[in-house]
Protein chains: 2
Amino acid sequence: MTRPAPVRVVLADDERMVRTALRAILSAEPDLEVVGEAATGAEAVSVVRDLRPDVVLMDVRMPEIDGIRATEQILATLDEPPRIVVVTTFENDSYVYDALRAGASGFLLKRADADALVQAVRLVARSDSLLFPAAVRTLATEHARAHPAPPEWVAKLTGREREVLRHMAQGLTNAEIARRMEVGPATVKSHVAAVLAKTGTRDRTQAVIAAYEAGFLNAG
Amino acid sequence: MTRPAPVRVVLADDERMVRTALRAILSAEPDLEVVGEAATGAEAVSVVRDLRPDVVLMDVRMPEIDGIRATEQILATLDEPPRIVVVTTFENDSYVYDALRAGASGFLLKRADADALVQAVRLVARSDSLLFPAAVRTLATEHARAHPAPPEWVAKLTGREREVLRHMAQGLTNAEIARRMEVGPATVKSHVAAVLAKTGTRDRTQAVIAAYEAGFLNAG
DNA sequence: ATCCGCCTCCGCCGGACGGGGGAGGGCGGC
DNA sequence: GCCGCCCTCCCCCGTCCGGCGGAGGCGGAT
């Protein structure tokens, strides 16, 4: 069985120990070769540009430039960019979504065992067709659309005003809101007026639209 | 180096040729063992229940029960369910999202080469920490929320009524809509009334809410 | 002690909205 | 030809809404 060219890997992590550990694990595999390391995002970009590896293991938290931006820059500036696997600690980290959107081919948890690590590197290196490609990119983009940075006006709303806006977004009239909140209709009118002013809208319909677009109903 | 127990795999695909091909590929690997096959979703569920494999390669399109439902049933009824890899043809297939939501550990394109296939099986078999776990599940659920099956009323709206509803969802008044559509205000009132009737809402705010919840603004 | 923000309410007004009912024309199908 | 659907527009009316201006109480900050 002929030996094909080994998979060339670059490690980007600001902690030396982590890099050493990763290198030790990967070097034990004859088909994997660690060709370079980087301790910052900026360094990662230049190292990758120079060495042209097949795979980059990219930590998210790094000085100067974080792993996400580094990923973006690498993918944007290189012709045949490497596959990038983003390394993170928590699997529900919001970094995950950013990483996907940035174009990472996958991500790996720091607590993954050595075996999973080498499998992942091999897999990512040769797959242009595996585990969650374009479809997941779509999802991440949707996620960003569904969870935009909440506009400033959200912070300016008082507690009562938020309640009223929520009720408005249920399609309730002022009178109904008054009953549910156990206050007078005039009070609701005041709150509604405040909401309209702070959201910069002119009627309840526009306010509700703003609430939807701001993702106000999911979080806030 | 001691040989650990091989990864036990079940193949579920309605085409015999595909099963044969998959079996041939996987059987060439000493650490992988194909322990069973199924030609339908229902069969897949019972075979998996009997054989308790580590990994299932599940085709999406199958008679009786499709791969998605089979996946759901397997994951719901078994205590230590296998990892399920869903096999599909197009990577942007909506099946992908359903598969993720159903709890599949990954998916594989039919055009993936033999090497990617075995790597994927090994990877999925031993990773409870790899490539897009919980976070992606979250994304898929969001996707379902963002793209719900459009309610019946959408089909009942006439062309003009759809236009009016879109404009309503921009926060426009009847007069403004009339100007933009170059018709009289009375006409817009008629359309609005029809929209309210067909959507089962009582005012424009509720109609706009219904439009948002139905995903009417993205597609329809 | 004072001020400010928030919550609570009041009255008045004009305009927008929604319900009801009707009507004419165009266009395609039976 | 006729019926049905759609688009267009009309009047009347009651209600809801939003704008304006004002006011009292209360609690926290300075």
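Quick note on labels: first sequence line is chain A, next is B, and so on, each numbered from 1. Only heavy atoms go into these numbers, but all of them, side chains included; no hydrogens, no water, no symmetry mates.
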Next item on the list: State, to 0.1 Å, how close B:R204 and B:L196 come at their nearest heavy-atom pair, and which atoms those are.
Entry: N-CD2, 4.0 Å
Next item on the list: On DNA chain D, reading 5' to 3', which nucleotide is the first and which the last to sit with an atom under 4.0 Å from a heavy atom of chain A, could you check?
Entry: D:dC17 to D:dG19
Note to self: Rounding to an integer number of Å, can you tell me how far A:E163 CD sits from C:dC7 C1'?
What the structure shows: 11 Å
Note to self: Whole angstroms only, please: what is the CZ-C1' distance between A:R202 and C:dG15?
What the structure shows: 13 Å
Check: So, A:S190 side chain and A:A186 main chain: donor-acceptor pair closer than 3.5 Å or not?
Finding: yes
Notebook entry, point to check: Do the non-hydrogen side-chain atoms of B:V9 and B:V121 ever get within less than 4.5 Å of each other?
Noted result: yes
Check: When all nucleic acid strands are considered with a 4.0 Å heavy-atom cut-off, which category describes A:T187: base, sugar-phosphate, or nothing?
Finding: base
Margin query: Using the rule side chain to side chain contact (heavy atoms under 4.5 Å, CB included), only one of A:M168, A:R160, A:H167 pairs with A:V164; which is it?
Written below: A:M168
Check: Can you check the A:E182 CD to C:dC9 C1' distance for me, whole Å?
Finding: 16 Å
Check: Does CZ belonging to B:R69 count more than 12 external heavy atoms closer than 6.0 Å?
Finding: no
Next item on the list: Take atom CZ of B:R160 and atom P of C:dG26, then tell me their distance rounded to the nearest Å.
Entry: 16 Å
Next item on the list: When you get a sec, tell me which of C:dG18, C:dC12, C:dC7 is the closest nucleotide to the side chain of A:K189?
Entry: C:dC12
Note to self: Tell me the interatomic distance from A:L157, atom CG, to C:dC6, atom P, rounded to whole angstroms.
What the structure shows: 10 Å
Check: Looking across every strand, which nucleic acid part, if any, lies under 4.0 Å from A:A193 by heavy atom: base, sugar-phosphate, or nothing?
Finding: nothing
Check: Do B:E163 and B:R166 sit within salt-bridge range, that is, some charged N less than 4.0 Å from a carboxylate O?
Finding: no
Next item on the list: Report the distance from atom CZ of A:R204 to atom C1' of C:dC17, rounded to the nearest whole Å.
Entry: 12 Å
Check: Nearest-Å distance, CG (B:L165) to P (C:dG18)?
Finding: 12 Å
Margin query: Listing request: all salt bridge (charged side-chain N to carboxylate O under 4.0 Å, His left out) pairs with a residue in residues 180-199 of chain A, at least two apart in sequence or in separate chains.
Written below: A:E161-A:K198
Item checked: Given A:I74, A:I84, A:T71, A:T77, the one that forms side chain to side chain contact (heavy atoms under 4.5 Å, CB included) with A:V48 -> A:I74
Next item on the list: For the helix from C:dA1-D:dT30 to C:dC30-D:dG1, figure out the bend between the end axes, five pairs an end, and round to 10 degrees.
Entry: 40°
Notebook entry, point to check: Is the side chain of B:R202 donor-acceptor paired with the backbone N or O of A:G171 at a distance under 3.5 Å, no angle test?
Noted result: yes
Next item on the list: Could you say whether A:N174 or A:S190 is positioned toward the 5' end of DNA chain D, judged by the nucleotide with the nearest heavy atom to each?
Entry: A:N174
Next item on the list: Nearest whole angstrom, please: distance from the P of C:dA16 to the CD1 of B:I177.
Entry: 13 Å
Margin query: Please tell me if A:T158 has a side-chain N or O lying less than 4.0 Å from either OP1 or OP2 of C:dC7.
Written below: yes
Check: Which part of the nucleic acid, if any, lies within reach of B:T173 when heavy atoms closer than 4.0 Å are counted: base, sugar-phosphate only, or nothing?
Finding: sugar-phosphate
